[in-house]
Every structure is written in C-alpha cells, then in structure tokens.
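For ligands, and for the atoms within them, numbers begin at 1 and follow the listed sequence. Residues take their numbers from the sequence shown, with the count starting at 1. Computation of the quantities below employed the complete heavy-atom set of this structure, encompassing side-chain atoms and omitting hydrogens, waters and symmetry-equivalent molecules.
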Amino acid sequence: MNQEHFETQAIRTQTSNGGHREHSTPIHMTSSFTFETAEHARALFNDEIQGNIYTRFSNPTNNEFIEKLCLLEEAEDGIATASGMSAMFSSMAGLLKSGDHILASRSVFGSTHQLFTQVFPKWGITHTYADIDNQDEWELKIQENTKMIFAETPSNPALDLIDLEWLGQLAKKHDLILNIDNCFATPYLQQPIKWGADIVTHSATKYIDGQGRTIGGAIVGRKDLIKEIRFFARHSGPALSPFNGWVLSKSLETLAIRMERHCENALTLATFLQNHEEIESVKYPFLHSHKNYKLAKKQMKLGGGIVTFEVKGGLERGKNFLNSLKMLSLTANLGDTRTTVTHSASTTHAKLSEEERLEVGILPGLVRVSVGLENINDIIGDIEFALNKSKELTLA
Ligand SMILES: *Cc1c(COP(=O)(O)O)cnc(C)c1O
C-alpha cells in the first residue's frame, strides 16, 4: 500500500500516460486497442497477460480513475461504471443468484429501492428491510439464504447513520457480503472498508465529480468479489465513457479540499437554521442535537455536505419557501459546487407511498440542501430571504 497521504494519492496517481510527456492525463477516446501480434491477442484474451483490449472491458483513462479511488478507499480492486445505479445493480446482480436474499437498511436511494422491490424479484432475488436505528432487528432478519447486507450511511435524505463497525462484525459473524453505498460521505470523510465492508459502491455523479457535469459510478473492494463483478460488467456492459472517466479522475484531485469546504459551509448553515425561529427541525450529523452525533464523530471525519430541515407551516409554507429562493438551484442533484435544494417527497422519493416515506423519515415539508462552495453568507442570505418571503406569502 502506498504510504502517501490521501490528497497526494488523489493528485499524483497517474497511470494513463499517452507517451507524449503530457503533464495532465490524456483522454483515451478509443473503443478498441491494437494487438502487436496474433500471439499477443491470444495471450490477452486468455488472461495470460494484462492489458487493454476493448473499452467495455477496460480503458487506461478509466483505469486511472479507479486506481485512485481504490487507493482512497483502501480497496484491493475496482471497476468504473456509467452511473451510480449501474454500480449498485452490478454489485448485486454480479454476486447474487436466484434464491438469494439481501438484508438492507430501510432508507436507501429511491432507485435502489425500485431495484429491490420491482426488478430483483423478477429473478428470484428477495430483500428485507431493517430499521437503521434498531440493531437487534438486523440479526433477527438474517435468513438462511441471506448473502448480502446493503446500507447507506448517512442515508438519503434522512441523514440517519448506521454503525459501520458493528455492521462489519455482524456481516463477518454470518459470512455475508457487506456492501456500502458511500456516495454521501466519499472516502475523504469515511472509509467503510476499514470497518469491515467487503465492497463500496459509489454514485460518482455526486461529490466525486462535484461539479454537476457527468453521471458515473464505481465499485471497489475485495479482489475476489470484484473479479466476479468485473465478469458480469464485461459481458453486460455498464462501461464508463473514457471522457467521463477523465472528468472523474481530475475531480478526485480536488475532492479533499472541496469536501472540507462543503462540510464547513454545511455546519455553519445547520447551526444558523438550528437557531432560527421559523425552522421546525434541522438535521446534520455533526450537530450535537443529531441522535447519531457520537457515531458520526467516530466514523466520519466531518459531517458531510447535506443538511435537511423542515420549515414551520407545513407543506404549503415549504412550497412557498422553495419558490422564494433567488440564488439556490431547485434540482434533484446533490454534491455540486452550487448549492442545490430538493423537496424529497415530491421528487426523488415520489414513487414511494406516503407510508413508506414516513418510515424512512421523509416528512411532507422536508427540504434537503446540498450545501455548495459559494460564500456561506450568500447561501444563508438567500435562505433567510426565502424564509421571510414565504412567511408573508403563506399568511396572505
Ligand atoms: C444519486 C445516488 C445514487 C444513484 O447514482 P446515479 O449516478 O444517479 O445513477 C445512488 N445512491 C445514492 C446515495 C445517491 O445519492
């Protein structure tokens, strides 16, 4: 393992030099690679030597992105995928078979919930949800055919945390694959493999790109598991475009410094909201009032870039609040340089029933803010303006 620090690894790992002494990594936009001889081709296809054959299998630009991410997550191996969802899907479809069961935390990303409830049942792969706050429930819900435990921490958008050390021990005790979606925290804030995760899945669309430019994903972890997933991906085709691989590799160079500022701005905003009389409740892992504050301090370096809150006055006021924002963007994405605001119940989690939403902590008026890198005073200024304006509108 490389002894350099996180930031240095993220900046200095360069594997895809094009041979022109270029300082910045080139983009290898090619669908295939040539063979020196017929014998070279034969040896490559028979895994006797390592090398690039075809971009659906591997590509030097994508290899650089994934090599960096493996160093940052302290993972043995990994693959890049076209989106976060193709990472989630491949990490499960590549390792599980008909009859297998997944035990998952109840609050998962909306599309992951659709995979569990609508897609995998078609192939006889079932799931059970366990409450993120109820540790006893987890062991009781492990079945004879359970093969994988899947969880997000912090969860989206409820910002609930699960104890990764405890979960790692539970998975080990029952010989289950622990798969953690580390999209919200990024390896800069949290390294699930250190706590016992076998694989870590990412939507690179969020903080890894960090600038709202591209969709991408990654799966990193244990060599033997990645080998199986790589076989599945090679033949089912969720390959990342090398252009996007280049964007993501360059983005990792600034991950640490961006996350520092995202977290600083988020904590300042959360503290401001906590003291504001027009706010019903606010949630942020590094606020003392968060129920998992101690756990957050244990397994996360900083609190992350997401803050959720509820404006007083319910759904109507919430809508007026969103419509009164002047600078902050109304969009479903998160992890951007720009602060984005989402009403979860009507957008990202609209496909869930009202009851399912409440089970995962999505109240009707819940607003999710992905705190960006603008000056924090301007972010707070816009939110304060919208709080005041929405009060007038709601009273009128
Ligand atoms: C966005 C997101 C995904 C899906 O990623 P895409 O890149 O949009 O496919 C999965 N998990 C979490 C926690 C996310 O926020």
Do you know which of [options] makes side chain to side chain donor-acceptor pair (under 3.5 Å) with [X]?
| X | options | result |
| --- | --- | --- |
| His101 | Thr128, Thr126, Asn145 | Thr128 |
| Glu374 | Thr339, Asn265, Thr337 | Thr339 |
| Lys283 | Asn292, Thr308, Asp160 | Asp160 |

What I want to know is whether Phe109 and ligand 1 share at least one N or O pair that is separated by under 3.5 angstrom.
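There is no such contact.
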
Residue [X] vicinity, atoms of ligand 1 by number, heavy atom under 4.0 Å:
| X | answer |
| --- | --- |
| Ser83 | 7 (O), 9 (O) |
| Gly84 | 5 (O), 6 (P), 7 (O), 9 (O) |
| Glu152 | 13 (C) |

Please state which option from Ile208, Thr205, Thr201 has its nearest heavy atom closest to atom 7 (O) of ligand 1.
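Looking at heavy atoms only, Thr205 sits closest to atom 7 (O) of ligand 1.
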
Please verify whether a non-hydrogen atom of Gly216 lies at under 4.0 Å from ligand 1.
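True for this residue.
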
Quick one: is the NZ or CZ of Lys206 closer than 6.0 Å to the six-membered ring centre of Phe109, and within 45° of its axis?
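Pair Lys206/Phe109 counts as cation-pi.
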
Hey, does the Lys NZ or Arg CZ of Arg234 hover above the aromatic six-ring of Phe57, less than 6.0 Å from the centre and inside 45° of the axis?
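Yes - Arg234 lies over the ring of Phe57, closer than 6.0 Å to its centre and within 45° of its axis.
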
In the protein, which heavy atom is nearest to [atom], and how far is it?
| atom | value |
| --- | --- |
| atom 15 (O) of ligand 1 | Lys206 NZ, 2.7 Å |
| atom 5 (O) of ligand 1 | Ser203 OG, 3.0 Å |
| atom 12 (C) of ligand 1 | Asp181 OD2, 3.4 Å |
| atom 9 (O) of ligand 1 | Met85 N, 2.8 Å |

If you count heavy atoms of other groups shown closer than 6.0 angstrom to CG of Asn375, is the number above 12?
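Count over threshold, so yes.
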
How about NZ on Lys298, more than 12 heavy atoms from neighbouring residues, nucleotides or ligands closer than 6.0 Å, or not?
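Yes, the 6.0 Å shell around NZ holds more than 12 heavy atoms from other groups.
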
